[in-house]
Protein chains: 2
Amino acid sequence: MSLVDLEAFVAVAEEGAVGRAARRLHVSQPPLSRRIAGLEAELGQPLFRRTARGMELLDAGHELLGRAKEILSRVEDARSALRAHSSIPGRAPPGLRHAKRGRADEVDEGD
Amino acid sequence: MSLVDLEAFVAVAEEGAVGRAARRLHVSQPPLSRRIAGLEAELGQPLFRRTARGMELLDAGHELLGRAKEILSRVEDARSALRAHSSIPGRAPPGLRHAKRGRADEVDEGD
DNA sequence: CGCGGGCCATACCGAATGGGTATTGGACGA
DNA sequence: TCGTCCAATACCCATTCGGTATGGCCCGCG
């Protein structure tokens with residue numbers, strides 16, 4: 001269970017369909033579908049019921065949804081806290097992230 | 001910032017040295033060292049000060065430490081809640097995780 | 001003062017992860 | 001029955017990631 005898994009899960013839960021969630025997350029449907037399946041496998045139980053027109057949250061899924069959102073928001077908090085806390089000792093304006101061994105530095109554009 | 005990053009960070013913070021943390025996490029030192037460096041790069045600021053005998057938490061590091069532990073514990077909670085909640089609709093005893101596309105199913109032995 | 005042992009960082013390589021395209025199969029509505 | 005929307009699978013390639021080997025630094029001890 002990684003944070004990416006949780007984001008994927010939340011997106012699918014909220015969109016009610018892998019395809020739509022995939023568009024929302026800017027990935028294609030199959031990887032996302034696999035990710036959900038992998039998450040369910042890891043947890044040892046299904047989170048969704050596959051219907052003809054999408055994915056419907058199961059009980060376990062509901063249980064997870066709240067917690068997942070909670071966790072993701074804490075992560076966001078941590079990120080911004082760190083940003084705020086930014087370099088009280090030795091600052092360095094963002095923009096130069098000197099990531100030696102690639103770390104994509106992704107930007108979230110709001111389309 | 002992934003959960004693995006956070007675990008790594010916490011381990012290093014608590015052990016005070018990458019090498020010891022690496023042993024604790026059952027990985028070798030270089031990947032862990034890289035992971036910390038990557039995390040710092042991603043956050044845009046150092047979390048540790050490298051001294052001759054280990055890693056010393058910086059302010060930003062302290063800030064992160066609490067939050068990281070909090071997040072990790074929530075994740076654990078989610079896991080056990082899911083386990084408890086286990087398959088009220090359609091059970092399936094653990095042991096068969098049918099993970100199609102490898103998901104290592106790691107077991108944490110307590111050495 | 002040189003040697004040994006602790007530490008972290010880098011270089012390099014091979015295995016595993018992960019995303020993308022193409023495709024299949026089921027369910028529904030026109 | 002056909003067209004559409006859905007998720008799952010098969011396959012392939014790029015990227016990520018961990019391990020080994022190595023280097024450089026700093027300290028304490030003989």
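Just so it is clear, the values below take in all heavy atoms, side chains as well, and ignore hydrogens, waters and symmetry mates. Each chain gets a letter, A, B and so on, in the order the sequences are listed, and its residues count up from 1.
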Please check if atom CZ in B/Arg50 has more than 12 non-hydrogen atoms from other residues, nucleotides or ligands closer than 6.0 Å.
yes
Between the protein and nucleotides 18-25 of chain D, which nitrogen or oxygen pairs come in under 3.5 angstrom?
residue : atom : partner  : partner atom : Å
D/dG18  : OP1  : B/Arg35  : NH2          : 2.5
D/dG18  : OP2  : B/Arg35  : NH2          : 3.4
D/dG18  : N7   : A/Arg101 : NH1          : 3.4
D/dG18  : N7   : B/Arg34  : NH2          : 2.9
D/dG18  : O6   : A/Arg101 : NH2          : 2.1
D/dG19  : OP2  : B/Ser28  : N            : 3.1
D/dG19  : OP2  : B/Ser28  : OG           : 2.8
D/dG19  : O6   : B/Arg34  : NH1          : 2.6
D/dG19  : O6   : B/Arg34  : NH2          : 3.2

In whole angstroms, how far is the P atom of D/dT9 from the CZ atom of A/Arg50?
9 Å
Would you kindly give the CE-to-P distance between A/Met55 and C/dA27, to the nearest whole Å?
16 Å
Is the phosphate of D/dA8 approached by A/Ser33 (side-chain N or O, under 4.0 Å from OP1 or OP2)?
yes
Nearest 0.5 Å, please: how far is CZ in B/Arg79 from CE in A/Met1?
4.0 Å
Ignoring hydrogens and angles, tell me if any N or O in the side chain of B/Glu56 forms a donor-acceptor pair with the backbone of B/Ala13 under 3.5 Å.
no
In whole angstroms, the gap separating P of C/dG19 from CG of A/Leu25 amounts to 11 Å
In whole Å, what is the span from the CD1 atom of A/Ile36 to the P atom of C/dG18?
14 Å
Taking 4.0 Å as the cut-off, does a side-chain nitrogen or oxygen of B/Arg20 come that near to OP1 or OP2 on C/dC7?
yes
Expressed as a whole number of angstroms, how long is the span from A/Glu40:CD to D/dA7:P?
12 Å
Salt bridge (Lys or Arg N to Asp or Glu O under 4.0 Å) evaluation trace for A/Arg35 with A/Asp5:
CA-CA 7 Å; A/Arg35 190 170 286 279; A/Asp5 288 331; 2.8 Å; yes
Do A/Lys69 and A/Glu14 have side chains that approach each other closer than 4.5 Å (heavy atoms only, starting at C-beta)?
yes
Separation of C/dG20 atom C1' from A/Arg23 atom CZ, nearest Å, is 16 Å
B/Arg53 CZ to D/dC27 P, straight-line distance once rounded to whole Å
7 Å
Length of the CZ-C1' vector between B/Phe48 and C/dA9, whole Å
15 Å
Side-chain heavy-atom pair B/Phe9, B/Leu32 within 4.5 angstrom cut-off
no
